Amino acid sequence: MSAPARPRFESPLRTRLFIDGEWCVSETRQRLPVVDPSTEETIVEVEAGGPADVDRAVQAASHAFGAWKRTTGTERATYLRAIARGVEAHGEQLAALQSRNNGKPIAESRIDVGDVVATFDYYAQLAETLDAADEAIAIPSADHRAVIRREPVGVVALIVPWNFPMVTTAWKLAPALAAGCAVVLKPSEFTPLPELELAAIVERAGLPRGVFNVVTGTGSEVGAALTAHPLVAKVSFTGSTAVGEQVMKAAAPSIKGVSLELGGKSPIVVFADADLDLAVDLVMGGAFFNAGQMCSATSRVLVERPLAEALIARLADRVARTVVGDPFASGTQMGPLTNRAQFERVQRFIASGKADGARLVVQGGVPEGPGYFVQPTMFVDVPAASAVWREEIFGPVLCLRSFDTEADAIAAANDTEFGLVATVVTRDAARGERVAGALQAGVVWINAPQLIFPQTSWGGYKKSSLGRELGPFGLASFQEVKQILSAVSAD
Ligand code: NAD
């Protein structure tokens, strides 16, 4: 393992809570260590917020909401664009912070920064459309007039995970602000540093105090207090399916709105007519980007039998040659896993795959030295009932099975409790469309890498999601719909 080339940061790291426009300490007087997954050293400690901090933040947001909801969409767009420009201006700092805190290669963090900028710019455009007059609805009554108006839902809690810290935050924060909601954000306890820096950018954009608040801390303290708070109108959550279920339960007594972006176990279906080079690239990207810590990882490869041997040989070579190392070293293709729990979980899955009789083609070992590094692993002939085939691993483990017919491929692809994304690789355009239509997934890529544009949609079927993010769907998830029906006066 090469010696880590640690980045320098432009300014002291932010470690405090951001509540009502002030950087403040927690009422718990507790702090949480933030660990560099490449070295296992503590980078810094941040505030470990608690229920009293959550209450202060929600009260501040609730107070600010009164005036914020009356701003025009055009005014809010100005703030969103100022945030986008701030992220651009501090892009290198944000990317370095994220790679240091999350462990992903710096090139991947730069892609995330670009995504954040594009998301804020896109929702600025959508915010401007909100100043149009109420939408008139044709009704079968000459004596009445009906219009639809969209209003912000109120104070929203945004709870995000550690795998794409800035991106998952931007996908919620930009539409929430565009809609006119006031926000309390809870970053992951593992990766709060990028979001705290983002908060400083939002602060510099001059948002009215209280409109945006950040409370760092654990899920059981801060997350649970947010989901139960009576003044929170909606919780937008991204994380594991197990915690998503808890969030839904906690929101039930106050009938809060809930949007959930949860786990996945997504398929990539490769037909025998596929361009082999393309198929190899798409499988590698779908399984190993961000060390496989992707909700959208297409880690279940289904390959049509005549192509199986060639695809396995090519993949095995690429997987074995993957350069795992320091996120800041040039040439690194995969960094460490983001935290110790994930590092241990992935190794348990690899052991279970072997025990369940999956054929190990590339053994993912653990390199010597500090850091949560795991070499990528590849299994073939994976039993369909095994945990490595059915459960979300969230790490660099590729599993492959062969199929004989299109119908078999579709049945195997859909044989999962998840339904986030899927990829189809074929030269037959009609088949690509047909299979995409039959797959139970919220996003299907045909012969394309996992590109996600903010103008489109994000979210899945079954246990992967409740609701959709991005595009107009993301904005709508932070809006109430009000119908106003008036009698038309006779004169
Ligand atoms: P997690 O569910 O453990 O934590 C997510 C967030 O919820 C964290 O901020 C955590 O502190 C908080 N939390 C924990 N317990 C809570 C509780 N009781 N109440 C409220 N909040 C609580 O998930 P993770 O390990 O951080 O992230 C990995 C998971 O996220 C994977 O399952 C992955 O598939 C999923 N994910 C989904 C998407 C998507 O778009 N569908 C995107 C990224 C990640």
Side-chain angles (χ1 to χ4, degrees), residues 32 34 46 48-51 54 101-102 104 112 115 157-172 184-192 194-195 214-229 232 235-252 256 258-266 289-299 337-346 391-395 416-421 441-443 450 452 456-470 473-474 477:
L32 282 174
V34 182
V46 298
V54 166
N101 194 173
N102 159 289
K104 66 176 74 185
D112 289 358
D115 190 322
L158 313 183
I159 302 178
V160 297
W162 44 260
N163 60 335
F164 287 90
M166 289 187 285
V167 171
T168 42
T169 293
W171 288 9
K172 298 179 190 306
V184 182
L185 168 71
K186 185 215 152 329
S188 165
E189 52 271 54
F190 296 109
T191 54
E195 274 108 330
V214 184
V215 183
T216 51
T218 64
S220 54
E221 287 292 308
V222 175
L226 271 173
T227 46
H229 200 292
V232 171
V235 181
S236 180
F237 171 85
T238 298
S240 60
T241 300
V243 175
E245 197 180 316
Q246 289 175 34
V247 166
M248 230 172 145
K249 282 183 184 147
K256 278 185 187 26
V258 177
S259 289
L260 303 173
E261 287 301 338
L262 308 174
K265 187 70 183 178
S266 298
F289 195 79
N290 200 20
Q293 300 169 119
M294 287 193 294
C295 50
S296 61
T298 42
S299 55
L337 300 182
T338 301
N339 55 64
R340 173 160 289 282
Q342 197 56 27
F343 173 74
E344 287 169 357
R345 177 183 154 90
V346 167
E391 294 176 27
E392 181 179 52
I393 300 174
F394 224 57
T416 166
E417 60 180 2
F418 299 109
L420 190 57
V421 304
V443 180
Q450 294 199 2
I452 304 162
T456 56
S457 68
W458 185 253
Y461 286 34
K462 300 192 265 186
K463 284 193 177 174
S464 283
S465 301
L466 186 66
R468 290 290 184 276
E469 295 196 316
L470 296 184
F473 316 100
S477 81

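Every value quoted in this text rests on a predicted model; they were computed, and no experiment measured them. First listed ligand is number 1; within each ligand, the first listed atom is number 1.
- Contacts classified as salt bridge (Lys or Arg N to Asp or Glu O under 4.0 Å) and involving residues 157-172 (residues at least two apart or in different chains) are given here: Lys172-Glu469.
- When only modelled atom types and interatomic distance are considered, Trp171 and Asp115 share a side-chain donor-acceptor pair under 3.5 Å.
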Show me the short polar-atom pairs for ligand 1: any N or O of it lying under 3.5 Å from a protein N or O, with distances only.
{"unit_1": "ligand 1", "atom_1": "2 (O)", "unit_2": "Ser240", "atom_2": "N", "d": "2.8"}
{"unit_1": "ligand 1", "atom_1": "2 (O)", "unit_2": "Ser240", "atom_2": "OG", "d": "2.6"}
{"unit_1": "ligand 1", "atom_1": "9 (O)", "unit_2": "Val160", "atom_2": "O", "d": "2.7"}
{"unit_1": "ligand 1", "atom_1": "9 (O)", "unit_2": "Lys186", "atom_2": "NZ", "d": "3.2"}
{"unit_1": "ligand 1", "atom_1": "11 (O)", "unit_2": "Lys186", "atom_2": "NZ", "d": "3.0"}
{"unit_1": "ligand 1", "atom_1": "11 (O)", "unit_2": "Glu189", "atom_2": "OE1", "d": "2.6"}
{"unit_1": "ligand 1", "atom_1": "11 (O)", "unit_2": "Glu189", "atom_2": "OE2", "d": "3.4"}
{"unit_1": "ligand 1", "atom_1": "11 (O)", "unit_2": "Gly219", "atom_2": "N", "d": "3.3"}
{"unit_1": "ligand 1", "atom_1": "18 (N)", "unit_2": "Gln246", "atom_2": "OE1", "d": "3.0"}
{"unit_1": "ligand 1", "atom_1": "23 (O)", "unit_2": "Ser240", "atom_2": "N", "d": "3.3"}
{"unit_1": "ligand 1", "atom_1": "25 (O)", "unit_2": "Trp162", "atom_2": "NE1", "d": "3.0"}
{"unit_1": "ligand 1", "atom_1": "26 (O)", "unit_2": "Trp162", "atom_2": "NE1", "d": "3.2"}
{"unit_1": "ligand 1", "atom_1": "30 (O)", "unit_2": "Gly239", "atom_2": "O", "d": "3.3"}
{"unit_1": "ligand 1", "atom_1": "32 (O)", "unit_2": "Glu392", "atom_2": "OE1", "d": "2.7"}
{"unit_1": "ligand 1", "atom_1": "34 (O)", "unit_2": "Glu392", "atom_2": "OE1", "d": "3.4"}
{"unit_1": "ligand 1", "atom_1": "34 (O)", "unit_2": "Glu392", "atom_2": "OE2", "d": "2.6"}
{"unit_1": "ligand 1", "atom_1": "40 (O)", "unit_2": "Trp458", "atom_2": "NE1", "d": "2.8"}
{"unit_1": "ligand 1", "atom_1": "41 (N)", "unit_2": "Glu261", "atom_2": "OE1", "d": "3.4"}
{"unit_1": "ligand 1", "atom_1": "41 (N)", "unit_2": "Leu262", "atom_2": "N", "d": "3.3"}
{"unit_1": "ligand 1", "atom_1": "41 (N)", "unit_2": "Leu262", "atom_2": "O", "d": "2.8"}

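- Inter-residue side-chain proximity for Glu195 and Val160 is flagged as met; some heavy-atom pair is nearer than 4.5 Å.
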Which side-chain N or O atoms in residues 216-228 pair as donor and acceptor under 3.5 Å with protein atoms at least two apart or in another chain?
{"unit_1": "Thr216", "atom_1": "OG1", "unit_2": "Glu47", "atom_2": "O", "d": "2.7"}
{"unit_1": "Thr218", "atom_1": "OG1", "unit_2": "Ser220", "atom_2": "OG", "d": "3.4"}
{"unit_1": "Thr218", "atom_1": "OG1", "unit_2": "Glu221", "atom_2": "N", "d": "3.2"}
{"unit_1": "Thr227", "atom_1": "OG1", "unit_2": "Gly223", "atom_2": "O", "d": "3.1"}
{"unit_1": "Thr227", "atom_1": "OG1", "unit_2": "Ala224", "atom_2": "O", "d": "3.0"}

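- Proximity of a side-chain donor or acceptor of Gln293 to a complementary backbone N or O of Thr338 within less than 3.5 Å is detected.
- For Phe164, the ring pair (Phe, Tyr, Trp, His ring centres under 6.0 Å) criterion is met by no residue, not counting sequence neighbours.
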